[in-house]
Amino acid sequence: MSDHPTPQSSSADPALHAVEPKGSDASSAPASNPAQQRQRAIHLAQAVRHELQKAVIGQNTVIDDVLTALIGGGHVLLEGVPGLGKTLLVRALARCFGGEFARIQFTPDLMPSDVTGHAVYDMQSEQFKLRKGPLFTNLLLADEINRAPAKTQAALLEAMQERQVTLEGRALPVPQPFMVLATQNPIEQEGTYPLPEAELDRFMLKLRMDYPQAEQELEMVRQVTRSTRSDMLDVQPLRTLMQAKDVQALQRIANELPMDEQVLDYAVRLARATRTWPGLALGAGPRASIALVRGGRARALLRGGEFVIPDDIKGCALAVLRHRVRLSPELDIEGMSVDQVLKQLLDQVPAPRQ
Amino acid sequence: MRLTEARVAIRPRNPWEAVDLGVLLARQHRRLLMTSWAIVTLPIFALLTVLLWDYPSAAVLLFWWLKPAYERLPLLILSQALFGAAPSLKEALKAWPRALKPQLLASLTWRRFSLSRSFNLPVQQLEGLDGLLRAQRIALLGQRNLRVVRCLTSMGSTLEMCFWIGLMLLFYALIPQQVELDWSWRSLLEIESGWNWLEHLTNAFYALVLIVWEPIYVSCGFALYLNRRTTLEGWDIELAFRRLRQRLVGSAYALLLGVSLVFSFSPSTAMADDTVDESNYSCPLPPLDLPQTEEQLAAPGTARLLSQPLNSEASQSAIKAVLDSPPFKNPKAVSGWRLSDQKRDAKTAKNGDTSQWLTRLVLILLNIGKTLSSVFEALLWTAIALAVAWVTWRYRGWFGTFVSRDTRKPQVRRDAPRQLFGLQVDIESLPDDVASAAEKLWPEAPREALSLLYRALLNRLLTDYQLPLKNADTEGQVLERVAALNQPPLHDFSRELTRHWQNLAYGHQLPASEVQNDLCEGWRRLFTRGAAT
């Protein structure tokens, strides 16, 4: 049901320590020049991206978005048909990231306590002992999250928003950084439980994985068939590039990126536009504005920029908004998708200029 | 035709009731009507089908076109059945060719599309009228009920279509699915050949529909015709009188006999019996004129005058000819307002001289009116000419698009947005020499200078390169569009300018001083020289 955290850092190749200190320096030396720190953070982020692109071929935008969520401190819901490498991507990210990684395979009989943990009576000490669930980790892969009933899904709510889990009346903090990567399958409707809005809203981004381009697929097939492990995609050769504190440092640096008022205003206008947009029955809440700004900052860092520009906001707007709005029934009947309507919206909301 | 032998109650009816009567009539003789119709039409249909095997539509059209010819047969049967015994099938079929002959061409050509066909058919077939007489008769009969007759025909055609389509659907519903699938495959594979039989089959459905409906239609038209004649000629009154006579004929003879007996046995003195003695009167009546007057004795037509060498007829015609020739008659066409002769005669007879001047006044007024009318006509034509001229002038540009010899296209005025991203990008808001203006602005307000350059770039992209920039486009998207133009110098310059602009606008970083030169030079290189050459 759940993988236990694998000690990634111990298996890290010693040759990688040349890269690793960059991030470590960035986080451990706050006194040094902020610009230098930023440069290092940018290098680190780009190195991770490069590493992930080696493992997951043909999904560069999804990799960027996952990294955006990681740097923005949000959670990701990955949607895609089977076999596109959703789980592989998460495993690769866990491999590059030296923190703890846990995986929960959501099944219809999964109980909330299987996720959060529970108290066990210890015969020797004659006491109840808390047994922490797989939730207490840095990187949590919630595989096929829509297979579990709503009560089990709800077990994630507190951890995702408050970064804490209440067990036996005690609020236990989850380790930082904490990121949930949930995957779900859009075509299988049999035996699935759609995620409730409150849960969806807590995901910073909802990503759609699509089929890779022809030449990228070719490359992928070539690479996989060369591997000895038949159809299992190999993530072993990836280098561990960063530790938990590096991620926190990246998050801090991203949050410190300067952001012009106009850009902030643009993010808020985008989120607000969804509430009055004629094709949308339900608009996005304030969490969407916050996620847009965080996402914009993270993307600016990934881009290597020193400040946030409207392109950063616009680039992550689709992923931020698509699971927070509901299409009006007329457009639904007409066969319009949420993405189409949101693209229209993005084409209409004026971009900021000074 | 003897009214007393009519098989229906003859009384004036509501036209719709008459149609109902027609349906009942057809129902009563349904077997004969339908059998005879089928015997006549089905062979014709078969013949047409064989002849026009490759043209199923033409076959059914021709069959439909010949309908008036077949319609004579049910009418023949009905007319005989109504006033006497219904003919047998053989008699009816024998009589049909004779009924077919008169006015067949007219029925099949210019009367084919008459909506009152069923109503007019009895006039030509039963009354045997033709030409002017027929037209007058139809005009008289058709003064009323014509609306119902037309309704009948149009509803009839609708019913035919309904039945026809219904039969086709029934047929389709009865085809087993396997067969139908097979058919649709075959129709998919071989597009034109081998499907005529199916079309002829549907045509046959039409022929079947006609067997049921057409006798009813003829019968309804006939009933309407009878009803109209009943009203016009008072058949019901005639019948009532006849019944009265039948009822009273015995007693009337007895009464007559009795009365004559009574009168014969009562003698009376008559004044005429007394002989008048004329001599008793002082002033006797003059003798009655001779029965033969002089006029009668020497009339131009008497035999005595006709037998002479120059007889009266010849002289009469000679005199008439002389009188018709010029000295006596000068026919000349004169147009103008006049009172009609009758009126004038009556007036003169009544009022004599006093009305003469009145008449003249009226005539003068009328003639003035005529002159005025021609003046108004001229005025109206002028007005129309002026209106046409005005319209032509008013819409000359629009007409010009059709008839203009000026091949030079009018300048396309794209509705370029005046304001983009909150910046004034229209040409009026920009100075003529952007680079110099930016250079001048740079020392005091580098932000305004960069803004000016960026605005000018957007303006150039909108106007010169016709890029469809929108308000929602971010700087990155603008750059993508520029890259799509595939003009490396422009793209490089745009990228550089956008970078500096973003640094300033969002990063609040002032550009270095040498950037000014680069950008202004770049601008001049791209646009000023391009415009000059």
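These numbers come from the heavy atoms of this one structure, side chains and all, not from hydrogens, waters or symmetry mates. So you know, we letter chains A, B, ... as the sequences are listed, proteins then strands, and number each from 1.
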Name the option with the most non-hydrogen atom pairs under 4.5 Å to chain B; the candidates are Ile313(A), Val263(A), Asp347(A), Leu257(A). Asp347(A)

Using a cut-off of 6.0 Å, state whether more than 12 heavy atoms not belonging to [X] lie near its atom [atom1].
X	atom1	value
Gln177(B)	CD	no
Arg294(A)	CZ	no
Arg49(A)	CZ	yes
Phe163(B)	CZ	no
Tyr211(A)	OH	no

Shortest non-hydrogen contact between [X] and [Y], atoms and distance:
X	Y	answer
Ala505(B)	Asp260(A)	O-OD1, 3.2 Å
Tyr506(B)	Val308(A)	CB-O, 3.6 Å
Gln502(B)	Asp311(A)	NE2-OD2, 3.7 Å

Checking Glu306(A) against chain B: side chain, backbone, both or neither under 4.5 Å from a heavy atom? side chain

Quick one: CD on Gln477(B) to CG on Leu346(A), what's the gap to the nearest 0.5 Å? 8.5 Å

